[in-house]
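Written below as structure tokens is the structure these notes are about.
These numbers come from the heavy atoms of this one structure, side chains and all, not from hydrogens, waters or symmetry mates. Order of the sequence lines fixes the chain letters, A, B, ..., with proteins taken first and strands second; residue numbering starts at 1 for each chain.
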Amino acid sequence: MSRRNWLLAAFVLIAAAQLAAPAWMIFSRERTLHAGKVFKFRTRPIDPVDAFRGHYVWLNLEPNEIKVADSYVWHGGQKAFAVLDIDTNGFAIVKRLEHAMPADEPAVAVETGWAYKGKMHIQWSGLDRYYMAEEKAPAAERAYREHSRATNHTCHVTVRVNGPQAALEELFIENQPVREWLRQHK
Amino acid sequence: MMRKEVQWLYRELPQLEAQGVLTSGTVARLQAYYGPAEAARPRWLAVVIFGVLGALLIGAGIILLLGHNWDLLTRPTRAVLSFLPLLLAQGLSGWVLIRRQQSLAWREGAAALQFLMIGAGISLVAQTYNISGDLPRFLLTWAILGLPLAYLLDAVVPALLYLWGITEWACHLRITDDCNAGYWLLALLLLPLLARWLRAGRYQVRPTLLFWFLCVSLTVAAGTTIERVLPGLWIILYSGLFALLFLAGEFWFREADGFWNRPLRHFGAGGGLVLTFLLTFEWPWKEIGWYCWHWERFHGEWWRVMPDAVLGSMVPIAAIVLLVTTVRRRASLGLLLGIAPILAALGFSLATFEFSFVAAWIFDIYLLVTSIWLLVTGIRSGRQGQMNVGLLALMALLVARFFDCDLSFLLRGLLFIALGIAFLVANLVMLRRKGANHEQA
């Protein structure tokens with residue numbers, strides 16, 4: 001094979017690898033969204049601008065503070081797994097924190113924060129952005145802030161959990177998908 | 001003789017021959033002796049620059065357009081569309097490889113566009129699926145997927161973008177206190193490319209550009225990958241790194257002319273002088289050394305010790321090996337700037353035993369000697385740039401020390417006026433001398 005053909009063959013291989021990275025992301029997310037168990041999380045959105053990825057609503061999932069019996073074994077900035085359960089209102093709660101992914105219970109990767117008197121702060125770092133159209137994200141944020149003053153905790157997101165993978169599915173305001181809610185509250 | 005001088009000589013030759021100063025035989029012998037003069041600045045450089053700029057602008061435009069996140073499109077449609085910019089860029093690069101492989105402008109432009117579109121593809125999928133993800137992993141994936149483009153298309157822009165990517169990656173991992181020593185292995189992946197370009201011509205634009213970026217990247221990475229366990233090690237490492245860069249530039253890239261064509265020499269010298277100035281203060285020498293080990297940082301993780309041990313020893317040792325060669329060659333500037341890692345190690349040892357003020361004094365004297373040497377030799381050899389660097393270093397030292405002292409505003413004011421006059425007079429004298437030389441010539 002000539003040098004030029006080698007070069008072209010190598011280029012095709014590299015091009016395939018470059019396409020494989022986003023393709024794998026799509027495949028794993030689609031699988032989670034189709035086969036994952038649904039959890040509802042209460043949330044408070046705020047809206048920053050990410051120049052790189054367009055506009056999004058920045059979510060702050062709850063609970064972000066949980067009781068732990070062994071707070072001394074954790075330190076800040078550690079990766080942990082929040083084992084999930086559902087409360088009587090149908091919202092997600094954290095049963096306990098684990099260092100490794102439990103085999104037979106749904107869990108989501110989180111990052112630990114400060115620990116104080118048996119309580120630990122956690123960040124749902126993989127589930128903190130809900131992307132929206134450029135003009136709608138600020139509108140959603142504005143509407144939310146006005147709305148949340150009158151009522152409390154009327155926002156939630158649905159998250160699909162499948163093994164170690166968690167995928168954000170939809171943002172709801174007053175039990176309506178955010179786009180639908182915005183259409184009605186223009 | 002340097003490229004500029006040869007070009008000047010070749011411009012003069014026809015006139016000298018016409019005036020009868022040189023015979024046609026002498027002209028031919030001169031041309032045979034010096035060989036062909038390289039083109040001053042090839043016109044293709046402008047085409048390459050505009051080609052790359054155009055590609056980067058188009059790439060940024062596509063990212064922004066798709067980043068708009070059209071609500072009308074369904075999730076699967078957006079997912080498929082995310083591939084489109086990358087596929088288009090790959091098609092363009094493939095076409096360039098088949099049809100325009102000889103054109104550097106096409107190769108650089110296509111490679112730059114494709115590099116950007118890899119990041120765009122991953123980002124757009126992340127947006128479609130609300131993946132906030134982890135930025136260091138994104139940067140590393142992007143950089144590694146983009147690096148082969150530098151080799152396949154023989155282009156410098158992907159190599160520079162790769163360097164930016166791995167440097168950012170190392171910085172982000174430092175913030176989260178994770179292992180980023182892999183930066184050094186990732187940077188090594190550029191070596192075969194650099195070697196290939198150096199073999200083709202060590203003073204060409206591409207290796208020079210890569211050297212400038214490498215200098216910046218290595219400087220940033222050195223700071224982010226060390227000192228997990230031994231406080232103050234940065235002093236020895238950075239003095240070694242700048243000395244190494246300077247001496248390497250002085251030895252292996254001596255023939256280049258102009259500031260921009262000697263990245264290692266000038267970056268090393270500039271970095272070394274700034275560092276020396278900082279080390280004349282006492283604060284860098286406080287609470288450093290063996291008695292301040294961060295035992296608690298071990299946590300049984302071997303990688304926290306490795307960068308400190310390997311970089312903190314290898315870089316200064318390499319600089320000292322080059323310094324020994326400098327002593328043999330009797331290159332006084334190399335000796336002066338190359339001695340910094342030895343002084344830093346001495347200062348570090350003194351500071352460990354709480355003699356931090358002695359360490360600062362050593363560097364006071366070192367900067368004073370260096371600046372006066374630069375000033376005097378600059379004046380003697382008629383190098384205005386060197387003279388001004390020496391003058392600036394001297395002024396910085398004097399101003400810093402006078403601010404440390406409790407002097408009245410009157411004295412400080414007089415000092416500033418004196419320094420300003422010295423600066424102006426030195427430059428005027430130098431300009432006048434150059435003018436006189438020119439007239440005599």
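- Counting non-hydrogen atoms of other residues, nucleotides and ligands closer than 6.0 Å to CZ of Arg202(B) gives a total above 12.
- Evaluated for a side chain to side chain contact (heavy atoms under 4.5 Å, CB included) with Arg29(A), the options Val125(B), Thr128(B), Ile131(B) yield exactly one hit, Ile131(B).
- Closest approach of Ala126(B) to Tyr131(A), counting heavy atoms only: O-CE1, 3.9 Å.
- Of the atoms belonging to Leu86(B), it is side-chain heavy atoms, and not backbone ones, that fall under 4.5 Å from chain A.
- Nearest heavy-atom pair, Ile26(A) versus Phe83(B), reported as atom, atom and distance to 0.1 Å: CD1-CE1, 3.4 Å.
- The 12-atom threshold is exceeded at NZ of Lys95(A), counting heavy atoms of other residues, nucleotides or ligands nearer than 6.0 Å.
- Using a 4.5 Å cut-off between heavy atoms, Ile118(B) contacts chain A through its side chain alone, with no backbone atom that close.
- Residue Ala167(A) does not touch chain B at all, counting heavy-atom pairs closer than 4.5 Å.
- When the shell of 6.0 Å around CH2 of Trp106(B) is examined, it contains 12 or fewer heavy atoms from other residues, nucleotides or ligands.
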Determine, stepwise, if the pair Arg75(B) / Glu30(A) fulfils side chain to side chain contact (heavy atoms under 4.5 Å, CB included). CA-CA 10 Å; Arg75(B) 192 177 72 214; Glu30(A) 283 293 344; 3.1 Å; yes
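- Taking all atoms of both residues into account, the shortest heavy-atom contact from Gly121(B) to Pro22(A) is O-CB, 4.2 Å.
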Given Met25(A) and Thr141(B), is the side chain to side chain contact (heavy atoms under 4.5 Å, CB included) satisfied, shown in steps? CA-CA 12 Å; Met25(A) 286 166 72; Thr141(B) 311; over 6 Å; no
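- From Gln18(A), atom CD reaches atom CD of Gln114(B) across 4.5 Å, with rounding to the nearest 0.5 Å.
- When the candidates Ala79(B), Ala89(B), Pro76(B) are compared by the number of heavy-atom contacts under 4.5 Å with chain A, Ala79(B) comes out ahead.
- Residues Gln90(B) and Phe11(A) come closest through the heavy atom pair O-CZ, 3.4 Å.
- Looking at Leu33(A), the atoms closer than 4.5 Å to chain B (heavy atoms on both sides) all sit in the side chain, from C-beta outward.
- Within the 4.5 angstrom heavy-atom criterion, atoms from both the backbone and the side chain of Ala23(A) approach chain B.
- Residues Ile14(A) and Leu152(B) approach most closely at CG1-CD1, 3.8 Å, considering heavy atoms.
- Within the 4.5 angstrom heavy-atom criterion, atoms from both the backbone and the side chain of Ile98(B) approach chain A.
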